[in-house]
Amino acid sequence: MGQSLQSVALMGLGAVVLLSGVLVVQSRNLVHAGYWLLPCFLGVAGLYGLLDASFFFAVQIMLYAGAILVLILFALMLTRDVMNPHIPQNNRWTIPAAVLCLVVGILLVYSVGHSENPSPSAPFHYDITRQIGEALIGKYVLPFEAATLLLLAALVGAVVLARTDRNLPDTAQTAGIASDQGLGMPSPVVEKSSSDPNEIRQEHP
Amino acid sequence: MNGLDGYLTISALLFAVGLYGVLTRRNAIALLMGVELMINAANINFLAFWRCLYFNSSEPQIFVLIGITIAAAEAAIGLALILNVYRDFGNIEVSHINELNG
Amino acid sequence: MSVAHSGSADARRSGQFVGVIFVFIVLLVIAAVIGHLTLPGLAPVWHFLGAHPILNALVKAVVYVSFIALLVLFLIWWERKFAGWLQARLGPKHVGPQGMLQTLADALKLITKEDITPAVADRPLFYLAPFVVFVPTVLTFMVLPLGPHWIAQDLNVALLYVIAISSMTATGIMAAGWGSNNKYSLLGGVRAVAQLLSYEVPMVMAVLSVVTFVGGLSMRHIIDYQAQNGWLILKWPLIPAFLIFLIAALAELNRTPFDLPEAESELVSGFHTEYSGMRFAFFFLAEFANNFFSAGFAVALFFGGYLGPILPGIVWFILKTFVLITLMMWIRWTVPRLRIDQMMGLCWKLLVPLSLVVFILAAAWASR
């Protein structure tokens, strides 16, 4: 009973992951494409859970569905002008790329099917969180510290890179999100720009 | 369709889908979405091998953890760069961003 | 006011107080009876369910969702009652005994309201957003230890799971803000998401401070540790950890003083401006269910969960959670609202360094 339940779950989660993946790369509306990443990441998290990697199940949801997805959606919402849903979102390499990816996929699946493949062995008593913790502090402390340095550099770098230009009025950045010719909403007129963060600004719609 | 080959098939097809996204999309952010799909496919691969063959060792887990970390950092920096490009060029179609000092 | 009026007002207030205490005692007795029924009476039912995992999961899901629905009804009533007492007035008192059916009346009203969808709204996102906000909140109840045998699933990464699932609501709030196609909703949604993601950092560090003492991420493990070593709040470094967790939880729940994204006087009610009727009811339900969950989570982590001398475990858990929820409501109706830049400054400039210091202190204390 457990075995068949596991294979049903594997097939179901695989279908969810692949279907939402295809919709991510196919959707014409980019915000919809971003949102199709959510079931994809959740499906991948479910696959990690099936693989008894419970730590990665939680980390996948926390980082991918909770942080990276939000990052991508923020970036999509801040760069709205090009997202007119009437222009095609794919470039002229659609057919060759589809052929190439089909070939790559078939090659990989063929190589999977023609080798010795064991099943996930039955009982699994390892505490994965403890394993990772001991490895990170014991044998793999150098990659751990390097990743820390990388994250610090990424944090500082992203803050510096994404900073608003001095020339733009502070509210234009957020006003630009909501006013767009694609929606027909008028853009708010900002009368005066100043860099005093405590000043209350009035917007005239 | 059970066991290791099931996971590897899913990972392979997800990788191909992500590759299609990277190759065909015009918008730079949509390209990043394809890259994220590929990274996820590789992680599934790692963990499937770990669970079926190497569950005594922690190398695959460290690989996956550092991989997720790097993917997050890359997404953050990539999106910050894309926002800057958007501010300078006005659009973020990858075929139009082909001039330095533009 | 003449003396005669205030005298009868006092009599009404004390009469209300007695009435509400009576209602609480009745509900606690019911909870105690249910708590005692778990072990001996229904053993064959648990045996049957244990053999059929899918049926087991379905039954647990139905029980938990109905528990959450009833809980939210009760909590909304209590919020209005307590808010009334804090503001020197009586809360709802006409609809049902002590006004307890007021929430039911409100829910019926919300259900029968017209479902207005803006014409230019992004329909799939607009329709999906309430569910993406509500479902993770219900999922977190899966690991809440209501009583000694009342955890739906004893995950061994329960703490991490809770943090992960509750960070998914940010996606739903973005969908609500974007899908409404309304610049005020979008700004409210963006601010709400910024607040949610920022306040996760001190919350996670406060929870990790607890983990350094306990040595495991499972909820049952934490409560067993507290059974042997006393409540975790009694360890010195965990008192600031609990305070940081409380403040961060208030911000995660979008509760005053952190409710800028959804207050009615700011940004026209923020990301749920365009929602009416049942969809708004989902947001409301999600918020109150999350309230109970955060309070229950804090009780399980810091105050011993279901441990207590005489009464059954579930009664103690509900009592302690209730005290914490009342504290959160008290803060809500007393403190004014923070501005978004004050809120962000509080998080990144005060809470994050403080939580790091508390974490180091807790790790040092736990391993001495």
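Naming: A, B, ... by sequence-line order, numbering from 1 per chain.
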Query raised in the report: Between A:Tyr35 (side chain) and C:Thr171 (backbone), is there a donor-acceptor pair under 3.5 Å?
Result: yes

Report task. Would you give the length of the straight line joining atom CZ of A:Arg130 to atom CG of C:Leu217, rounded to the nearest 0.5 angstrom? Result -> 10.0 Å

Requested in this report: Could you tell me which residues in residues 142-157 of chain A have at least one non-hydrogen atom under 4.5 Å from a non-hydrogen atom of chain C, sorted by residue number?
Outcome: none

Report summary line: Applying a strict 4.5 Å limit to non-hydrogen atoms, the region of C:Leu197 in contact with chain A is side chain

Report task. Name all residues meeting the ring pair (Phe, Tyr, Trp, His ring centres under 6.0 Å) criterion together with C:Tyr199; count only those two or more places apart in sequence or in a different chain, and write none if there are none. Result -> C:Phe258

Query raised in the report: So which of C:Thr169, C:Leu155, C:Val162, C:Leu160 has the largest heavy-atom pair count under 4.5 angstrom toward chain A?
Result: C:Leu160

Report summary line: Within residues 125-135 of chain C, contacts to chain A at heavy-atom distances under 4.5 Å involve C:Leu125, C:Val132

**Report entry** Atom group of A:Thr129 that falls short of 4.5 Å from chain C, counting heavy atoms
**Finding:** side chain

Under 3.5 Å donor-acceptor pairs involving side-chain atoms of residues 55-75 of chain A, not counting sequence neighbours:
{"from": "A:Gln60", "atom 1": "NE2", "to": "B:Asn40", "atom 2": "OD1", "distance (Å)": "3.1"}

